[in-house]
Each structure stands twice: as C-alpha cells, then as structure tokens.
Amino acid sequence: MPSDLIQIGGAGPAGLAAAITLARAGRRVRVHELQREVGHRFGGDFQGLENWSGPHDVLDWLRDLGITRDFAALPFSRGHIFDAWGERYEIAGSRSLFYMVERGPGPGTLDTALLEQAQSLGVEVRFNSRLDRVDGPGILAAGPKAPDAIAVGYHFETSLGDGFWAILDDELAPQGYAYLLVMGGRGTVKSCMFAGFKREHEYVRRTVAAFERLTGLDMINAVAHGGVGNFHIPTRASSGLHPITGEEAGFQDFLWGFGMRYAILSGVLAARSLLEGADYEASWRRELEPPMWSSMVNRALFSLLGNPGYRWILRRSRKRRWDASRFLHGVYEPWPIKRLLLPWARSRVTSRRRDESCDHVDCACVWCRHAGHEQIGATRDCNSRLHAT
C-alpha cells in the first residue's frame, strides 16, 4: 500500500467530510464503503440539519469548513408541536431552526452532494468494500455500533404542503418524540423512541394515527423504514493511531439525535490531525465533548418530564412567547450548572455499547475487539464487520 495514501472506512458524512478535507489539502484518499451506494441505510429519509447550537447559520458553517452546500435544504423557522392531549403549539424562531435535508443515494441528497464533492477532488470511493485493516494512515467512520435510540416509521408521497410537526407523548415515542416532515410532496413520519423498542410496531401505528387525526396526513405508496442512533462519550476516539469519527465513536446528540454536525465536524478534525500532526484526542475533547456532555444532561432531565412535564414546558413557551431559536441555543449550551449535574446524568444515561477502542499504537484493525497484543500478528485476528454510515 503506497505510504502517501490515506484510507477511510465508511462513506457517511464523517468519512466523506474527512476525505474532502484531506483531498483539498492535496492528499491521496481512498474511501471504503461496505454498501453498494452512498447513504444506503437512509433511502430517502428526511432529517433536520439543526441550526440552533452554533452562533452562525449551519450552511455558512459548512462553507467555512470547506464542505459543500450543494444539496436540497429547506429552511424552517416555525412549525407545530402537539402534546399528549392533542393541544397544538406553534413554535417560531428569529432564524431558521433547522434545514430539512434528504438522506440517501438519490439526486439532491446530503450524502450524494458530499460524495460528488469528494470525487470531484480526486477521492477514490470503493463501494462493496470492507476495510478490515489500515496499515498506513487512516480514519474510521463506520457508523453506529449499538441502538440507544431508534426512529421507525414510513417514507411516502403526500398531498400535504411543506412543513414539520412533532408530538411529545410517551404513548407514541417513549422518552422521545414523534415527527412528521414534508418537503416537495414527499414525507417522513416516525416515532423516535429512547425506550420500549420491543413495542416499536405499536408505537408506529399510534404515531401514524395521531398525525392523521391532528394534521390530516395522507400517505401514498408508503414504505416502511427504520434507523438507529448511538450515543456515547468515548474514553478514547482512536484505535491505535487511527482517529474514530461520527457515530462509530459515539458522537451524537443525546437529547434528540441531531448528530449530523457532530459527524461532519469530527471528520474534519480527524483529517486535520493527519494533515497538521495535531492531537485528535485533544481536538475532539475541545470541540465535541462539551456539547455532548451538555446533551447528556439534557437527556437525563428530559427523561424525568413525562407527558405532564412536556405539556408544562409547551404551555410556558406559548405564554411567554419564547423565541425557539434562542431557547434551543440555551438548552444546548454547556452551562457550568450542567457540569455539576454531569455525574448524576452519567448514572442515568447509559449506552448499550462498550468502549472497544485500542490504545496500542501498532494496532492496524479498524475496530479492535481483542484484549491484548501479546502475540506477533495478533491484530490479524480482530477483523470486524463495518456497517455503512
């Protein structure tokens, strides 16, 4: 393997953001993707690229990172949330709350735009290719390793106009939220649940029925779809000398699963660590750990509310006419009080995965699962199966 070649395992936002950053600096990059196409596990899913956690618009943030904005992105500064009793609350922000984007392999999607930018810069992307070893420089970006939350529902065509709606009701989405996103005559409806996975079909049925009743939802050519989210603050986000990025490292928003910014930023930080010889562990702890432990505290507090608590917050927001942009920005800020609450939050929020990273500098595995390196060539016994991001 040529020594100047940098290999990346996974062609999701984290892996492609890393590839783009490296290629812009003139490095040779090869990305290995297990699936046959980019964004395979999403298949037309509508998601929100959140715009409240940073001081600047997220599309400007992407531009400053050197990442493409050439994908369909519909801004929303207002929408509606329902409580468990069907009461409607309008939420509105002084700026866009999020941009609705499509995920998957089709035209205009976030994943396709990232792929096309990477390829235009000379990045080689190999599909149906599993990266088991990285003997030279490399970055690992193979997606979530355990389901700490699941989002299950349908993609469909509809006569509804563009918009977003959510329901806070533990009978539809335990400790999470049900949501409906519509853009250009197509939509996604899902129950995003943080508990009760064994009853997912029941929760999805209730979610669809609720949106039909509350919004007049009609679904045409509905296709079932589901995905998982993994939330984990790692002890280390490296395996040997290889940075681990995105949800393979556990980088996600514990509160509601808005993790695309985490994935992209971690990919850029990993690439910069290779380009500049910077300490990736120090970089991600500086840039990603504070918002992650803040969101962990948010998750622990949110899990205490239940339906009466959700209703109390929604009614208070309406009475005080909260600016949703400013409110959410404040919720996501890593305030000092949250640092004090972090030990309590850690006791309440546990991940379904275990930390399997390896701190041996000579480890060549993409995901190390063995206990030691006592025998020469032991790393050959720790091949793992990557899942597409």
Side-chain angles (χ1 to χ4, degrees), residues 45-62 69 71-102 110 151 153 158-170 172-173 176-192 207 210-217 253-261 291 294-295 298-299 301-302 305 307-333 335:
D45 203 27
F46 285 142
Q47 298 179 5
L49 181 58
E50 60 92 351
N51 195 41
W52 57 72
S53 63
H56 306 296
D57 188 273
V58 66
L59 297 185
D60 293 335
W61 176 80
L62 288 174
R69 303 189 302 175
F71 50 87
L74 184 63
F76 282 95
S77 60
R78 62 182 60 244
H80 294 90
I81 300 180
F82 299 89
D83 63 24
W85 293 268
E87 188 171 352
R88 180 193 294 253
Y89 306 81
E90 183 179 36
I91 61 168
S94 54
R95 72 178 192 182
S96 297
L97 300 172
F98 67 88
Y99 289 88
M100 193 183 303
V101 300
E102 184 177 352
L110 173 70
T158 182
S159 63
L160 278 180
D162 295 347
F164 81 89
W165 302 262
I167 306 174
L168 298 180
D169 182 354
D170 286 339
L172 306 183
Y177 58 101
Y179 63 92
L180 169 62
L181 303 174
V182 176
M183 180 169 65
R186 296 165 52 237
T188 293
V189 61
K190 285 187 175 178
S191 169
C192 181
T207 291
F211 279 120
E212 288 174 340
R213 182 179 72 255
L214 295 170
T215 70
L217 169 65
D253 164 29
F254 282 81
L255 180 56
W256 290 321
F258 286 87
M260 282 185 279
R261 290 179 69 145
S294 175
S295 73
N298 290 341
R299 165 52 39 195
L301 292 171
F302 189 85
L305 293 175
N307 287 349
Y310 307 148
R311 188 181 204 183
W312 180 84
I313 291 177
L314 289 170
R315 285 187 167 181
R316 189 174 179 84
S317 71
R318 181 167 61 191
K319 182 178 180 179
R320 297 202 171 191
R321 297 181 180 180
W322 285 345
D323 180 324
S325 302
R326 293 181 179 178
F327 172 73
L328 289 170
H329 182 77
V331 166
Y332 274 70
E333 276 287 283
W335 302 108

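The basis for the numbers below is simple: all heavy atoms, side chains too, and nothing from hydrogens, waters or symmetry mates.
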I'd like to check [X] versus [Y] (side-chain heavy atoms, cut-off strictly below 4.5 Å). Are they in contact?
X	Y	result
C192	Y179	yes
F82	D169	no
L110	Q47	no
F76	L181	no
E50	W256	no
W165	V182	yes

Paired with F98, the ring pair (Phe, Tyr, Trp, His ring centres under 6.0 Å) test is passed by just one of F164, F46, W52, namely F164
[X] and [Y]: which non-hydrogen atoms are nearest, and at how many Å?
X	Y	value
G54	R95	O-NH2, 2.7 Å
A210	I167	CB-CD1, 3.8 Å
D45	K190	OD1-NZ, 3.0 Å
L217	E212	O-CG, 3.6 Å
L168	G176	CD2-O, 3.9 Å
S295	D253	CB-OD1, 3.4 Å

Q. Do you know which of R88, R311, R315 makes salt bridge (Lys or Arg N to Asp or Glu O under 4.0 Å) with D83?
A.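 Passing option: R311.
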Students often mix this up, so state it plainly: with edges at 30° and 60°, are the rings of F302 and Y310 parallel, tilted or perpendicular?
parallel
key: Geometric class of the F258/Y177 ring pair [parallel <30°, tilted 30-60°, perpendicular >60°]   = parallel
Within this structure, what is the [atom1]-[atom2] distance for the pair [X] and [Y], rounded to the nearest 0.5 Å?
X	Y	atom1	atom2	result
L59	N51	CG	CG	7.0 Å
F211	L160	CZ	CG	10.5 Å
L49	L97	CG	CG	12.5 Å
R69	Y99	CZ	OH	8.5 Å
L214	H80	CG	NE2	11.5 Å
T158	R186	OG1	CZ	12.0 Å

Determine whether a donor-acceptor pair (N or O, by modelled atom type, separation under 3.5 Å) exists between the side chain of [X] and the backbone of [Y].
X	Y	value
N307	A84	no
S191	L172	yes
N298	V331	yes
W335	S294	no

Determine, step by step, whether F71 and E102 satisfy the side-chain contact (heavy atoms from CB on, under 4.5 Å) criterion, reporting the C-alpha distance in whole Å, the side-chain angles of both residues, the deciding distance to 0.1 Å, and the verdict. CA-CA 8 Å; F71 50 87; E102 184 177 352; over 6 Å; no
